[in-house]
Amino acid sequence: LFRSNLRFEVRRVPSRRRRDAAVIEALRSVNGAAVAYALSRARVERVATALRREGVAAAAYHAGQWSDQRRATQDAFMAGDLRVIVATSAFGMGVDKADVRAVVHDAIPPSLEAYYQEAGRAGRDRRRATCVLLYAPTDRRIPEHFARAAVPDRGVIERVWAAIQAAAWPALEPVAVAAACGVPPAEGRGAFAVLERAGLMRLEHGDRDTLRVRLLATPERFTALHGARTVERALIEDLRAAGAAYTRTADVALERVQPGLRVGIDATLQRLAAASILVWSRPGAGWRLVEGTRRAAAPMDWASLDAQRTAVRARLAAVIGYAEARRCRRAVLLDYFGERLAPGSCTGCDRCDG
């Protein structure tokens with residue numbers, strides 16, 4: 001766990017408006033490749049744009065992009081043609097470059113486990129590297145939002161459950177149900193997940209052999225917008241030949257799509273939907289009540305949920321404690337993971353070396 005070549009520091013950001021400048025400043029002095037982590041796709045794109053405006057060769061990397069775009073970005077970074085890659089945590093996992101000289105976190109992550117794993121992508125060649133966390137006191141609201149979404153409060157779960165019980169339609173959609181009972185969308189999705197784990201709800205994937213599709217753009221418009229992406233364009237043409245139309249929603253049998261296009265078809269359809277080229281679903285897909293579970297109150301293990309919520313918030317408190325610590329950063333990290341740092345043996349942090 002102890003990596004002597006990494007230097008840890010936390011930089012205070014006076015306001016959210018100053019965050020772009022803080023990221024640029026943190027990366028400006030880096031002599032070599034760097035990774036910057038942000039919590040959302042929108043923030044990833046903003047940071048990458050801000051860096052490019054300052055003359056830094058930077059690109060975004062997240063799940064909302066086309067797969068060939070992510071691949072090209074990663075290849076350019078690995079080859080040294082791109083100095084900074086800006087990524088969300090889930091999709092930065094593919095970034096494995098030994099000579100990363102800095103990892104910068106644009107905001108506090110949900111746990112110290114996540115932070116140390118991501119920061120640890122710096123300096124894998126055992127040369128000196130820097131791990132910077134940008135922090136403003138208002139940042140604590142973001143992980144608290146994640147905590148509420150992961151394990152919503154009892155009142156939220158009960159309101160969502162009551163709305164589900166009162167629903168007249170067989171298939172349920174978390175965001176629509178949340179809106180109906182005045183619950184934030186993320187907490188509505190979290191409540192559905194809790195109810196699923198309790199065996200009260202199930203997510204059905206629908207007819208795997210049929211697609212329900214409505215086209216929103218022609219293959220020509222797709223090509224004009226996104227270039228000659230042969231897989232996506234070929235799939236649009238196959239769907240159109242199989243009965244998909246622009247004026248109505250149609251069911252298309254997957255057997256009428258070329259076998260080569262069926263591999264990873266969900267991901268291809270998601271990219272096309274994100275680009276407003278089509279909308280799609282599978283007949284019968286959606287959330288449903290498990291048979292026999294209609295009842296006035298949800299039989300939940302509230303004590304267990306309270307313990308889960310407490311654990312999530314404890315992890316959040318540990319990250320905030322690290323960001324606000326007045327003692328050795330490395331010692332705080334090692335203490336959290338159950339290891340001890342001998343006094344005076346820190347090899348680099350902003351608290352010990354100023």
Side-chain angles (χ1 to χ4, degrees), residues 3 5-62 73 76-77 80-89 92 95 97 99-110 112 114-125 127-143 319-330 332-333 346-354:
R3 290 181 58 194
N5 63 314
L6 299 184
R7 182 182 189 277
F8 294 91
E9 62 178 274
V10 176
R11 298 190 184 184
R12 286 287 185 125
V13 181
S15 69
R16 293 184 67 84
R17 289 181 298 177
R18 290 285 301 159
R19 194 174 293 279
D20 288 358
V23 175
I24 293 166
E25 181 62 28
L27 292 168
R28 181 174 286 141
S29 60
V30 175
N31 184 22
V35 178
Y37 284 105
L39 292 178
S40 70
R41 298 177 191 178
R43 185 61 190 156
V44 164
E45 293 286 355
R46 180 186 173 99
V47 170
T49 300
L51 288 167
R52 287 194 295 269
R53 285 174 181 163
E54 293 295 315
V56 178
Y61 184 99
H62 58 74
T73 297
F77 183 64
D81 299 328
L82 194 64
R83 194 165 78 80
V84 179
I85 191 167
V86 188
T88 52
S89 59
V95 179
K97 185 174 171 68
D99 60 347
V100 171
R101 299 273 66 84
V103 170
V104 176
H105 278 77
D106 177 61
I108 56 175
L112 277 181
Y115 174 70
Y116 198 77
Q117 180 187 54
E118 292 162 4
R121 295 189 178 117
R124 288 182 173 175
D125 57 3
R127 294 174 54 206
R128 294 289 289 178
T130 304
C131 307
V132 180
L133 172 63
L134 303 180
Y135 174 69
T138 54
D139 284 354
R140 66 178 62 201
R141 297 173 188 166
I142 299 171
V319 181
I320 295 170
Y322 169 79
E324 296 183 344
R326 297 188 176 185
R327 65 190 183 99
C328 173
R329 304 281 184 203
R330 193 182 297 277
V332 174
L333 285 170
C346 177
T347 55
C349 82
D350 56 343
R351 289 303 186 201
C352 292
D353 61 24

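We use all heavy atoms of the structure for the numbers below, so side chains are in, but hydrogens, waters and symmetry mates are not.
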Output for pair (Thr73 OG1, Tyr61 OH), nearest 0.5 Å, gives 8.5 Å
All heavy atoms of Arg124 vs all of Gly120, minimum pair found to be NE-O, 3.5 Å
Answer whether the closest heavy-atom distance between the side chains of Asp20 and Arg53 falls below 4.5 Å.
no
Could you state the interatomic distance from CZ (Arg46) to CG (Asp106), rounded to the nearest 0.5 Å?
9.5 Å
Arg83 meets the side chain to side chain donor-acceptor pair (under 3.5 Å) criterion, sequence neighbours left out, with none
Can you sort out the partners of Arg11 under side chain to side chain donor-acceptor pair (under 3.5 Å), two or more places apart, ordered by chain and number?
Glu9
Among residues at least two apart in sequence or on other chains, which ones pass salt bridge (Lys or Arg N to Asp or Glu O under 4.0 Å) with Glu324?
Arg140
CA sep, side-chain torsions, deciding dist, call: Tyr115, Tyr322, ring pair (Phe, Tyr, Trp, His ring centres under 6.0 Å)
CA-CA 10 Å; Tyr115 174 70; Tyr322 169 79; 5.5 Å; yes
Mind checking whether Leu51 and Val86 have side chains closer than 4.5 Å, heavy atoms only?
yes
Is any side-chain heavy atom of Ile108 closer than 4.5 Å to a side-chain heavy atom of Tyr135?
yes
Short question: side chain of Asp353, backbone of Gly348 - any donor-acceptor pair under 3.5 Å?
no
Quick one: CZ on Arg329 to CG on Asp350, what's the gap to the nearest 0.5 Å?
4.0 Å
From Arg128 CZ over to Leu6 CG, what is the distance, rounded to the nearest 0.5 angstrom?
8.0 Å
Can you check whether Pro137 reaches Arg12 side chain to side chain, under 4.5 Å on heavy atoms?
yes
Determine, stepwise, if the pair Lys97 / Asp125 fulfils salt bridge (Lys or Arg N to Asp or Glu O under 4.0 Å).
CA-CA 9 Å; Lys97 185 174 171 68; Asp125 57 3; over 6 Å; no
What one should report as the nearest heavy-atom pair of Cys131 and Ala119 is SG-O, 3.6 Å
Okay, side chain of Arg7, backbone of Thr130: is any donor-acceptor separation there less than 3.5 Å?
no
Taking Arg330 for the side chain and Arg3 for the main chain, is one N or O donor matched with an acceptor at less than 3.5 Å?
yes
Roughly how far apart are Leu112 CG and Ile320 CD1, rounded to 0.5 Å?
10.5 Å
Check Ala50 against Ile24 and note the closest heavy-atom contact, atom names and distance.
O-CD1, 3.8 Å
Rounded distance (nearest 0.5 Å) linking atom CZ of Arg101 with atom CG of Asn31:
9.0 Å
For Ala323 and Leu133, work out which heavy atoms get closest and say how close.
CB-CD2, 4.2 Å
At their closest point, which heavy atom of Ala34 faces which heavy atom of Val100, and how far apart are they?
CA-CG1, 4.1 Å
Please report the closest heavy-atom contact between Arg43 and Ala38, naming both atoms and the distance.
CG-CB, 3.6 Å
